[in-house]
S.K.: 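This structure is in structure tokens; I'll ask about it shortly.
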Amino acid sequence: MTSRGVLISVMSSASFAAFAFLAAQANPLNGLQVWGWRTLLTVPGILFLLAVSGRWFWFSGELRRVIAQPRKLLAYAFTAPMLGFQMWLFGWAPQAGHALEVTLGYFLLPLVMVLVGAVIFKEKLTHLSAIAAAVALLAVIYEVWRSGGIGWPTLAVALGYPSYFVVRRIFQTDGVGALAWEMALSSPLALWYATKDGGLIEAWGDLRLATILLLLGTVSIVGMVTYVMAAKELPYTLFGLLSYVEPILVTIVAVIIGERIAPDQWPTFIGVWLAVLVLASDGVRALLTKRRFAFPHVRPWRRRRPRANPTEPHSWQRIKHNPRRTSQRNS
């Protein structure tokens, strides 16, 4: 199961890296049009897979929870636009020559999440995670001194996603069903951006562009679905370690499409990579000692209660075999 989970996780990371490469080839479509078509192609794909896999209740169940607790709408008023913005940014950056800045944000993301967990949720920092955060802070301070600030694409990822996950956790919006709803709520705006100013004819009237858009939709669906599958297959710590594969691959893609790290910017990247290496070593240590190591950024979209005892099934197995859930699905 673990070897299959590793393969699935790497497939997810490779899919997102492939998306970054394809997005760079989607000219003359702009970033908003790419985001629009990605959303319009991804939402039906995810809903179809939920239906055929027998997990439609993840989507319908979230609607019932919102109806029962209308305050959750406050969460969606923030998380849906934030997710849409992050998806736009990931497609826009390769076209605009900012892929490396976005990648730097993804490298900083786990470190920011560690600090968010410590400050907001009072989670205890290990010695190595504290060292990693300190090293990353030094790299950020150097970058501010070097350039007068951190690029907004880097900040958008490093600060935007943590705020997204914090709101999800506070309001307890539930897992994959919430993700599907967030994307579905963005669909009307995505349709408008995708088709305005002759975007429909421009996108599908050219065989090359149409092929790229279909590939973008495919790799987006594959990336998200395999990410969820890997989250279920792998131990928490190993999944956290493999989450660093994606920004590494996207960095390679950025170099392939022509971006370069400026000579005086190398200390920033090296500092952040060193911090990530320290944090990853803490994960390896946790894996070897079989202790539970919490990568706060790994699966923050998924709410779970702790198992009552070591023999109790994992959360997804509890849902699968819960008679009440089963009856709700069949009703």
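Note that the coordinates shown come from a computational prediction; the quantities given were computed from them, not determined experimentally. Hydrogens, waters and symmetry mates play no part in the numbers below; they use all other heavy atoms, side chains included.
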S.K.: Ignoring hydrogens and geometry, is there a side-chain-to-backbone donor-acceptor pair from Glu62 to Thr173 under 3.5 Å?
M.R.: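 Not at all, since once roles are kept as given, no pair shorter than 3.5 Å links the two residues.
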S.K.: So, for Pro94 and Ala23, which heavy atoms are closest and what is the spacing to 0.1 Å?
M.R.: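 Scanning both residues completely, I find the closest heavy atoms to be CG-CB, 4.4 Å.
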S.K.: Tell me, with the steps shown, if Phe171 and Tyr76 meet side-chain contact (heavy atoms from CB on, under 4.5 Å).
M.R.: CA-CA 9 Å; Phe171 284 86; Tyr76 282 99; over 6 Å; no
S.K.: Could you check whether any side-chain N or O of Thr218 sits under 3.5 Å from a backbone N or O of Leu214, counting only pairs where one atom can act as donor and the other as acceptor?
M.R.: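 Yes, Thr218 side chain to Leu214 backbone: donor-acceptor pair under 3.5 Å.
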S.K.: Assess the residue pair Phe85 and Trp88 against the criterion (ring-ring contact (aromatic ring centres under 6.0 Å, His included)); give the C-alpha distance rounded to whole Å, side-chain angles, the decisive distance to 0.1 Å, and a yes or no.
M.R.: CA-CA 5 Å; Phe85 170 74; Trp88 164 78; 5.7 Å; yes
S.K.: Considering only heavy atoms from C-beta outward, does the side chain of Met87 approach that of Met183 to under 4.5 Å?
M.R.: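 A side-chain contact under 4.5 Å exists here.
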S.K.: Shortest non-hydrogen contact from Pro247 to Thr103?
M.R.: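 Taking Pro247 first and Thr103 second, the nearest heavy atoms are O-CG2, 3.2 Å.
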S.K.: According to a 4.5 Å side-chain heavy-atom criterion applied to Ile, Leu, Val, Met, Phe, Trp and Tyr, with indirect links allowed, do Ile46 and Leu215 form part of one hydrophobic cluster?
M.R.: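 Ile46 and Leu215: one cluster.
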S.K.: With heavy-atom distances below 4.5 Å as the criterion, would you say the side chains of Trp204 and Leu213 are in contact?
M.R.: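 Result yes, sub-4.5 Å side-chain heavy-atom pair found.
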S.K.: So does Val102 get a backbone contact from the side chain of Thr154, meaning a donor-acceptor N/O pair under 3.5 Å?
M.R.: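 No.
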S.K.: How long is the span from the OG atom in Ser186 to the CH2 atom in Trp181, to the nearest 0.5 Å?
M.R.: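 The OG atom of Ser186 sits 12.5 Å away from the CH2 atom of Trp181.
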S.K.: Using side-chain heavy atoms (C-beta onward) and a distance below 4.5 Å, is Phe107 in contact with Thr251?
M.R.: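 Yes, close enough: below the 4.5 Å cut-off.
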S.K.: Given the rule in the side-chain contact (heavy atoms from CB on, under 4.5 Å) test, do Lys72 and Val66 qualify, once you have shown the distances and angles that lead to the verdict?
M.R.: CA-CA 6 Å; Lys72 289 182 182 288; Val66 170; 4.2 Å; yes
S.K.: Between Leu32 and Asn30, which heavy-atom pair has the shortest distance, and what is it?
M.R.: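 Between these two residues, the closest heavy atoms are N-OD1, 3.1 Å.
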S.K.: Would a single hydrophobic cluster contain both Leu63 and Leu185, if residues Ile, Leu, Val, Met, Phe, Trp and Tyr are joined by side-chain heavy-atom contacts under 4.5 Å?
M.R.: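 In one cluster: yes.
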S.K.: So, for Gln95 and Val34, which heavy atoms are closest and what is the spacing to 0.1 Å?
M.R.: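 Answer, listing the atom of Gln95 first, then Val34: NE2-CG2, 3.9 Å.
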S.K.: Would a distance-only check, ignoring hydrogens and angles, find a side-chain to backbone donor-acceptor pair under 3.5 Å from Gln25 to Phe21?
M.R.: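 Yes, because the side chain of Gln25 sits within donor-acceptor range (under 3.5 Å) of the backbone of Phe21.
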S.K.: May I have the step-by-step check of side-chain contact (heavy atoms from CB on, under 4.5 Å) for Ile221 and Phe48, ending in yes or no?
M.R.: CA-CA 11 Å; Ile221 294 168; Phe48 174 77; over 6 Å; no
S.K.: How far apart are the closest heavy atoms of Gln86 and Ala156, and which atoms are they?
M.R.: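 So the minimum-distance heavy-atom pair works out to NE2-O, 2.9 Å.
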S.K.: Begin with the C-alpha distance, continue with both residues' side-chain angles, and end with the deciding distance and a verdict on side-chain contact (heavy atoms from CB on, under 4.5 Å) for Ser281 and Leu128.
M.R.: CA-CA 8 Å; Ser281 67; Leu128 285 178; 3.9 Å; yes
S.K.: Met224 versus Phe16: any side-chain heavy-atom pair under 4.5 Å?
M.R.: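 Side-chain contact under 4.5 Å: yes.
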S.K.: With the side chain counted from C-beta on, respond yes when Ile252 and Ile256 share a heavy-atom pair under 4.5 Å apart, and no when they do not.
M.R.: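 Ile252 reaches Ile256 side chain to side chain.
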S.K.: Measuring only between side-chain heavy atoms, which start at C-beta, is Tyr164 closer than 4.5 Å to Glu182?
M.R.: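 With C-beta onward as the side chain, the pair touches.
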S.K.: Just verifying a value: how many Å separate His98 NE2 and Leu104 CG, rounded to the nearest 0.5 Å?
M.R.: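 That separation rounds to 13.5 Å.
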S.K.: Is the backbone of Ser147 close enough, under 3.5 Å, to the side chain of Gln265 for a donor and an acceptor to pair up by distance?
M.R.: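 Not at all, since once roles are kept as given, no pair shorter than 3.5 Å links the two residues.
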S.K.: Under the side-chain hydrogen bond (donor to acceptor under 3.5 Å, both in side chains) rule, what do Thr42 and Ser220 come out as? Steps first, then yes or no, please.
M.R.: CA-CA 6 Å; Thr42 302; Ser220 181; 3.1 Å; yes
S.K.: Can you confirm whether Phe59 sits close enough to Leu179 that some side-chain heavy atom of one is under 4.5 Å from a side-chain heavy atom of the other?
M.R.: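 No, too far: nothing below the 4.5 Å cut-off.
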S.K.: Can you name the one residue among Tyr193, Trp35, Trp152 that meets ring-ring contact (aromatic ring centres under 6.0 Å, His included) with Trp92?
M.R.: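 With Trp92 as partner, ring-ring contact (aromatic ring centres under 6.0 Å, His included) holds for just one option, Trp152.
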S.K.: Does Gln33 use its side chain to pair, donor to acceptor, with the backbone of Gly199 at less than 3.5 Å?
M.R.: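 Side chain of Gln33 to backbone of Gly199, a donor-acceptor pair under 3.5 Å: no, none is there.
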S.K.: Say you draw a straight line from CG of Leu73 to CD1 of Ile67; how long is it, rounded to the nearest 0.5 Å?
M.R.: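 Output value for this atom pair is 9.5 Å.
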S.K.: Is the closest side-chain heavy-atom distance between Tyr106 and Val250 below 4.5 Å?
M.R.: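 Result no, sub-4.5 Å side-chain heavy-atom pair not found.
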S.K.: Would you kindly confirm whether Leu111 and Phe269 end up in one hydrophobic cluster when ILVMFWY residues are joined by side chain heavy atoms under 4.5 Å apart?
M.R.: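 They do share one cluster, since a chain of ILVMFWY contacts under 4.5 Å joins Leu111 to Phe269.
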S.K.: Kindly compute the distance separating OH (Tyr161) from CG (Leu109), expressed to the nearest 0.5 Å.
M.R.: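 Answer for the OH-CG pair, Tyr161 versus Leu109, is 8.5 Å.
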S.K.: Are Leu40 and Trp192 in one and the same hydrophobic cluster, where Ile, Leu, Val, Met, Phe, Trp and Tyr link if side-chain heavy atoms are under 4.5 Å apart?
M.R.: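 Same cluster: Leu40 reaches Trp192 through Ile, Leu, Val, Met, Phe, Trp or Tyr contacts under 4.5 Å.
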S.K.: Val6 and Leu249: same hydrophobic cluster, using ILVMFWY side-chain contacts below 4.5 Å?
M.R.: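 In one cluster with Val6: Leu249, yes.
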S.K.: Rounded at 0.5 Å granularity, tell me how far CG in Leu74 sits from CD in Gln69.
M.R.: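 Between Leu74 CG and Gln69 CD, I get 12.0 Å after rounding to 0.5 Å.
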S.K.: List the atom of Val157, the atom of Gly105, and the distance in Å for their closest heavy-atom pair.
M.R.: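 Looking at all heavy atoms of both residues, the closest pair is CG1-C, 3.6 Å.
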S.K.: Which value, rounded to the nearest 0.5 Å, describes the distance between Thr268 atom OG1 and Ile150 atom CD1?
M.R.: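 Going from OG1 on Thr268 over to CD1 on Ile150, the span is 6.5 Å.
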